[in-house]
2 protein chains.
Amino acid sequence: MSIHARPTLEDVAARAGVSRATASRVLNASPRVSPEALEAVNAAVLALGYQPNRAARALVTRRTGAVAVVFSEPEPKIFDDPHFARLIRAGARALADVDVQMVLMLVHSPDDQARAHRFLAGGHVDGALVFAPHRNDELVSIVKKLPLPVVYAGKPWGSLRGMHLVDNDNEGGAVLATEHLKSLGRKKIVHVSGPLDELSAIDRLNGFKSAMGLDDKGAAKVTEDGGFTREGGRKAMAALLAKVPTLDAVFVASDLMAAGALETLQEAGKRVPQDVAVVGFDDHVAIAEHTTPPLTSVRQDSDEQVKHMVEHLMKLLRDETVKTKKQVLPTVLVRRESA
Amino acid sequence: MSIHARPTLEDVAARAGVSRATASRVLNASPRVSPEALEAVNAAVLALGYQPNRAARALVTRRTGAVAVVFSEPEPKIFDDPHFARLIRAGARALADVDVQMVLMLVHSPDDQARAHRFLAGGHVDGALVFAPHRNDELVSIVKKLPLPVVYAGKPWGSLRGMHLVDNDNEGGAVLATEHLKSLGRKKIVHVSGPLDELSAIDRLNGFKSAMGLDDKGAAKVTEDGGFTREGGRKAMAALLAKVPTLDAVFVASDLMAAGALETLQEAGKRVPQDVAVVGFDDHVAIAEHTTPPLTSVRQDSDEQVKHMVEHLMKLLRDETVKTKKQVLPTVLVRRESA
DNA sequence: CTCCTCGATGAAAACCTTTGAGTCGCAGGT
DNA sequence: ACCTGCGACTCAAAGGTTTTCATCGAGGAG
């Protein structure tokens with residue numbers, strides 16, 4: 001080992017007075033190694049500041065120690081949604097915790113899709129976490145064909161056979177929200193939904209419908225699509241005020257939209273919660289705690305969701321036979337002042 | 001090559017009727033190869049769907065083909081700032097374009113710092129893009145000692161010797177904003193600054209001061225720190241209204257704070273821009289286009305900044321002697337309705 | 001005392017690519 | 001006829017780790 005080069009396993013072994021093989025066993029926590037050897041190797045590692053060469057290890061184990069985190073969104077603008085930042089942060093943390101490299105991939109265009117395909121097929125990562133909520137997202141079909149362990153966030157559109165996913169209980173949360181509004185004595189409850197090409201939006205709508213005892217026809221009269229954007233929430237709320245002038249409560253399928261809806265209500269001279277009670281969804285603190293009034297919302301714990309996704313993927317990578325392929329995380333109602 | 005295994009360079013060479021070495025040279029665009037060989041190899045690559053094994057390549061070239069993107073923020077909450085999402089997106093895109101893996105690292109705690117240190121020192125990446133705007137951020141001193149090519153976003157605190165960075169012209173932008181307000185005939189112009197432990201905030205403050213011809217004392221009377229948060233902007237604006245009741249214009253050092261300031265102004269019954277003209281900074285469309293009224297703002301093109309950072313880092317990696325170590329990107333004023 | 005067993009260890013193959021050194025054939029100069 | 005130079009190519013080493021297989025020694029059973 002020259003002065004400047006990084007120490008290799010060979011150096012460690014030499015210093016510890018054992019062979020490369022034994023040193024390797026120590027590093028990989030093999031049980032077949034004597035206490036003395038273990039101690040000696042550990043000391044050498046520490047003294048030399050040894051760090052295994054990832055490339056060499058990857059070459060022989062056929063494992064890269066990296067996983068891809070893929071966000072597929074036809075509309076780049078959606079990334080202004082703070083939800084996205086929260087998921088990325090959670091991913092970075094959870095993967096760092098298990099000492100795995102996170103390779104972030106954002107796919108917007110067909111070009112991006114092709115690139116993602118090449119990359120994922122190229123064996124550059126051991127597995128992937130995929131966020132692809134939209135209907136008929138081709139990326140999902142592409143990924144499905146790959147011999148690569150994948151865990152999805154939420155239900156991707158299409159058949160779920162053989163897929164692994166961690167979802168939030170969107171429907172249950174929607175029921176919670178709606179029941180809460182009912183329990184406040186509200187009679188005319190309406191709903192601002194997300195875009196109906198995302199299953200999470202559909203599930204929330206379904207929860208609303210079932211809690212209200214509505215069929216499709218009935219629901220259509222008291223529901224507007226807000227597209228999961230602030231501006232959309234604003235407009236949807238305005239449309240609902242026109243459609244149902246006597247409304248006294250609204251369940252909004254995301255906090256961002258709820259912020260927009262609150263603005264519309266304020267402009268229309270409605271007091272919240274006295275005239276109209278409002279419940280959001282996400283419990284995104286940066287939004288919910290700073291609206292006026294602070295927003296009652298259904299909490300879905302994204303950190304938890306991502307953590308579960310990572311755990312699940314790690315099990316797949318360790319080739320453990322995974323008992324449960326689909327997990328649904330509970331949602332809870334967080335009361336603030338808007339309802 | 002078995003049925004299921006991925007093809008190796010050996011397979012490609014065999015199919016093309018050449019040696020591994022020649023095949024390799026084709027892949028690496030070496031000039032020393034005949035047209036026929038080139039053609040044959042390319043055909044074989046295509047036919048076999050060959051993809052080079054990154055690990056093997058990394059092992060011999062001592063290059064990983066990955067770079068780290070590091071965000072150092074003592075306060076995780078700051079990541080709710082949409083600016084962060086924009087930077088990440090830009091990084092993902094720019095790095096994908098040059099076919100380099102992006103390894104995202106978020107460092108909040110000293111623990112994270114230690115981990116980042118280990119990782120960056122471990123030779124797992126070829127270089128790093130570092131976002132560490134805060135004063136006395138220890139991560140910067142850590143990174144500085146590493147024999148690793150690094151490009152910073154903006155000026156990190158401390159000596160800049162030997163460092164590579166791409167900054168926005170914060171001071172110039174601030175001058176632009178202030179001059180614009182002056183040209184509108186405004187007489188009492190105040191400033192909501194960012195947190196003064198970030199040089200970008202200080203530069204913007206300096207621009208304001210110089211355009212106004214103020215010294216430190218004079219500036220203190222018409223300036224408030226809004227901490228680069230919406231809520232902070234709200235409060236700072238309120239404080240300024242109390243301090244300078246006759247104010248007729250405000251330059252706010254970020255769009256997020258400006259959104260908060262607008263709310264305060266509205267609550268105080270001030271019309272924008274008639275009573276008070278407002279200019280923001282960032283030109284973050286998701287904010288600036290959706291405030292009421294739409295926000296006049298100084299544009300700093302983050303996409304461009306990140307693109308330059310990547311380009312610069314690539315030059316460093318190719319070991320080109322880089323002429324310019326510090327780049328400053330221009331800022332421009334985007335007029336909307338608030339001023 | 002010999003034979004086995006078993007746990008710890010070492011030697012060496014394997015993983016796949018890049019690259020410097022060496023080979024080969026051929027044209028052109030002497 | 002012989003060397004030289006050159007372009008196109010092949011050979012084989014090197015890069016650092018994991019893992020299989022063989023070896024070695026100690027201790028227990030017979």
Side-chain angles (χ1 to χ4, degrees), chain A residues 1-2 4-42 44-45 48-66 99 122-124 126 317-319, chain B residues 1-2 4-42 44-45 48-66 99 121-124 126 317-318:
Chain A
M1 166 191 157
S2 88
H4 242 74
R6 300 208 357 240
T8 80
L9 191 54
E10 186 80 51
D11 301 321
V12 172
R15 192 174 222 274
V18 300
S19 74
R20 254 200 337 266
T22 303
S24 173
R25 280 187 263 265
V26 170
L27 290 177
N28 295 292
S30 158
R32 309 231 146 288
V33 59
S34 68
E36 309 87 64
L38 189 143
E39 170 117 11
V41 171
N42 279 334
V45 165
L48 264 42
Y50 169 75
Q51 291 233 44
N53 180 318
R54 223 164 175 133
R57 175 177 281 179
L59 186 57
V60 51
T61 59
R62 284 116 176 288
R63 281 295 184 75
T64 64
D99 211 48
H124 304 306
D126 300 332
L317 292 185
R318 283 193 302 267
D319 205 33
Chain B
M1 167 191 156
S2 86
H4 242 75
R6 298 207 357 240
T8 82
L9 191 55
E10 186 79 51
D11 302 321
V12 172
R15 193 174 220 274
V18 301
S19 75
R20 241 187 2 248
T22 303
S24 173
R25 279 188 252 273
V26 170
L27 289 177
N28 295 294
S30 158
R32 311 232 143 286
V33 59
S34 69
E36 309 87 65
L38 189 143
E39 170 118 10
V41 170
N42 278 335
V45 164
L48 265 42
Y50 169 76
Q51 292 235 40
N53 180 317
R54 222 162 175 132
R57 174 177 282 178
L59 185 56
V60 52
T61 59
R62 285 121 179 285
R63 280 294 184 77
T64 64
D99 212 48
H124 304 307
D126 300 333
L317 292 185
R318 283 192 304 265

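Numbered from 1 within each chain, the chains take letters A, B, ... in sequence-line order.
Rounded to an integer number of Å, the gap from CG of Leu27(B) to C1' of dT19(C) is 14 Å. Straight-line distance from the CD atom of Glu10(A) to the C1' atom of dA12(C): 12 Å, rounded to whole Å. A straight line from CD of Glu36(A) to C1' of dT9(C) spans 12 Å, rounded to a whole angstrom. The separation between Leu59(B) atom CG and dT19(C) atom C1' is 14 Å, rounded to whole Å. Spacing between atom CG of Leu9(B) and atom C1' of dC16(C) amounts to 8 Å, rounded to whole angstrom units. Atom-to-atom, CG of Asn53(A) to P of dT17(C) comes out at 16 Å; the value is rounded to the nearest Å. Here the P atom of nucleotide dA11(C) and the CZ atom of Arg25(A) are 12 Å apart, to the nearest Å.
Counting heavy atoms from C-beta outward, Val33(A) and Val41(A) have side chains that stay 4.5 Å or more apart.
Of all non-hydrogen atoms in Val18(B) and Ala37(B), the two that sit nearest each other are CG1-CB, 4.5 Å. Taking every heavy atom of both residues into account, His124(A) and Pro52(B) meet most closely at CE1-O, 4.0 Å. Annotation for Ala55(B) and Ala58(A): closest pair CB-CB, 3.7 Å, computed over non-hydrogen atoms.
Among the atoms of the strands shown, only primed sugar atoms or phosphate atoms (P, OP1, OP2) are found under 4.0 Å from some heavy atom of Thr61(A). Using a 4.0 Å heavy-atom distance criterion, Ser34(B) is classed as a sugar-phosphate-only contact. Contact annotation for Ala37(A): backbone-only contact, meaning every heavy-atom pair under 4.0 Å involves sugar-phosphate atoms and none involves a base. Arg20(A) comes within 4.0 angstrom of a nucleotide base, judged by non-hydrogen atoms across all strands.
Between the side chain of Arg54(B) and the backbone N or O of Gly65(B) there is at least one donor-acceptor pair closer than 3.5 Å. Looking at Arg6(A), its side chain does come within 3.5 Å of a backbone N or O of Gln51(A) through a donor-acceptor pair. Asp126(A) contributes a side-chain N or O that, together with a main-chain N or O of Thr64(A), makes up a donor-acceptor pair within less than 3.5 Å.
Distances were taken from every side-chain heavy atom of Val33(A) (C-beta onward) to each of dT18(C), dT9(C), dT19(C); the shortest belongs to dT9(C). The side chain of Arg32(A) lies closest to dA8(C) when the candidates are dT17(C), dT18(C), dA8(C).
When DNA chain D is scanned in the 5' to 3' direction for atoms under 4.0 Å from non-hydrogen atoms of chain A, the outermost contacting nucleotides are dG16(D) to dT20(D).
Mapped onto DNA chain D by nearest heavy atom, Ser19(B) and Arg62(B) fall at different nucleotides, with Ser19(B) at the one closer to the 5' end.
The shortest distance between the side-chain N/O atoms of Tyr50(B) and the OP1/OP2 oxygens of dC16(C) is not below 4.0 Å.
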